[in-house]
Amino acid sequence: RDPRWGRGQETYGEDPYLTATMGSAFVEGLQGDDPHYLKASATAKHFVVHSGPEAVRDYYDAKVDEKDLRETYLYAFHALVSGAHVESVMAAYNSVNGVPNSVNKMLLTDILRKEWGFKGHVVTDCGALDDVFQTHKSLPGPIEAAAAAIKAGINLDCSTVLQEDVIKAINQKLLTEKEVDDALFAL
């Protein structure tokens, strides 16, 4: 939406239909057509509303209404999940309507998993859980971020927050072992 956006060259453009069509072909080619085995695991990213205009990428809060969210930003992801059966989705750094994507239950669980039936794994962007408490400042620290991420639907963390703080979150009763088991089961 803004030619100054630093990752524009990595996209298929701003047209949701074109992005869905080209992205689906890419995912299907990468993953292959074997009913039991993937050639490779494709990852759809950056989920979601990560396309400008924004001056920063780590802590931008995208204010978006339901119509724009569904018709512009979720459209291609929905096609990749429901049609191309992408195996993995990477959550974006930014927030949507005040909630960082890596701890956004509405996006990761309610829409992605429950509404669309996504069965693969969800990974954070690298360092995104650190951003939840350092730049977004939406949670006090890494232990709370680890618990919120697992509860929201994150399975893998491209940093060290889950590795270092899940046990602490369980010990502080912010997370249960069952919630961790459920997150691991998706892998």
Side-chain angles (χ1 to χ4, degrees), residues 1-128 131 149 152-158 183 186-187:
R1 290 186 165 185
D2 187 327
R4 298 170 298 170
W5 183 54
R7 299 190 94 157
Q9 77 282 0
E10 299 176 13
T11 72
Y12 296 127
E14 63 184 72
D15 180 278
Y17 178 78
L18 176 65
T19 302
T21 302
M22 292 178 72
S24 292
F26 192 88
V27 166
E28 290 166 357
L30 188 64
Q31 292 188 167
D33 58 5
D34 188 290
H36 303 290
Y37 303 101
L38 298 172
K39 287 194 312 187
S41 170
T43 301
K45 60 186 215 175
H46 296 93
F47 192 74
V48 66
V49 196
H50 180 69
S51 66
E54 57 214 47
V56 293
R57 72 174 184 179
D58 291 6
Y59 55 92
Y60 178 73
D61 184 17
K63 303 291 186 192
V64 62
D65 64 32
E66 185 75 13
K67 179 178 175 26
D68 200 22
L69 179 66
R70 296 282 180 168
E71 293 180 3
T72 304
Y73 295 107
L74 290 176
Y75 183 89
F77 286 101
H78 186 223
L80 296 182
V81 168
S82 64
H85 307 291
V86 69
E87 197 284 320
S88 175
V89 170
M90 178 182 277
Y93 287 116
N94 60 285
S95 291
V96 173
N97 299 327
V99 182
N101 286 346
S102 292
V103 295
N104 195 320
K105 183 180 179 300
M106 188 254 319
L107 293 174
L108 301 179
T109 296
D110 298 343
I111 293 175
L112 185 63
R113 292 210 185 272
K114 292 180 180 173
E115 186 178 320
W116 296 351
F118 180 67
K119 302 290 185 218
H121 74 277
V122 179
V123 61
T124 67
D125 208 334
C126 296
D131 287 337
I154 293 292
N155 306 106
L156 293 172
D157 176 21
C158 183
L187 302 173

Nearest-0.5 Å distance that lies between atom [atom1] in [X] and atom [atom2] in [Y]:
X: Lys105; Y: Leu112; atom1: NZ; atom2: CG; result: 12.5 Å
X: Tyr93; Y: His50; atom1: OH; atom2: NE2; result: 8.0 Å
X: Leu74; Y: Leu107; atom1: CG; atom2: CG; result: 7.0 Å
X: Tyr17; Y: Met22; atom1: OH; atom2: CE; result: 12.0 Å
X: Phe118; Y: Leu108; atom1: CZ; atom2: CG; result: 10.0 Å
X: Ser95; Y: Asn101; atom1: OG; atom2: CG; result: 6.5 Å

Close side-chain approach of [X] and [Y], heavy atoms under 4.5 Å:
X: Leu30; Y: Lys39; result: no
X: Val99; Y: Met106; result: no
X: Asn97; Y: Val64; result: yes
X: Val27; Y: His85; result: no
X: Thr124; Y: Met90; result: no
X: Lys114; Y: Thr109; result: yes

Original post:
Looking at residues at least two apart in the chain, or sitting in another chain, which of them share a side chain to side chain donor-acceptor pair (under 3.5 Å) with Thr43?
Top reply: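 Ser88.
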Subject >> Where at least one partner belongs to residues 70-82, residue pairs that pass salt bridge (charged side-chain N to carboxylate O under 4.0 Å, His left out), sequence neighbours excluded >> reply: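 Pairs touching residues 70-82 that pass the test: Glu66-Arg70, Lys67-Glu71, Arg70-Glu115.
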Which atom names give the shortest non-hydrogen contact between [X] and [Y], and what distance separates them?
X: Ser41; Y: Glu87; value: OG-OE1, 2.6 Å
X: Ser102; Y: Ala152; value: O-CB, 4.4 Å
X: Val96; Y: Val48; value: CG2-O, 3.6 Å
X: Thr72; Y: Pro16; value: O-CG, 3.7 Å
X: Tyr60; Y: Asn94; value: O-CB, 3.1 Å

Are any side-chain N or O atoms of [X] and backbone N or O atoms of [Y], one a donor and one an acceptor, separated by less than 3.5 Å?
X: Asp125; Y: Ala128; result: no
X: Arg113; Y: Gly120; result: yes
X: Asn155; Y: Val122; result: yes

Original post:
Once the angle between the rings of Phe47 and Phe77 is folded into 0 to 90°, is it parallel (under 30°), tilted (30 to 60°) or perpendicular (over 60°)?
Top reply: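 If you compare the ring of Phe47 with that of Phe77, the planes turn out perpendicular.
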**OP:** Apply side chain to side chain contact (heavy atoms under 4.5 Å, CB included) to Ala76 and list each qualifying residue two or more places apart in sequence or on a separate chain.
**Re:**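 Expected list: Thr19, Ala20.
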**OP:** Report, as yes or no, whether the 6.0 Å neighbourhood of atom CG on Asp33 holds more than 12 heavy atoms from other residues, nucleotides or ligands.
**Re:**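 Result for CG/Asp33: open.
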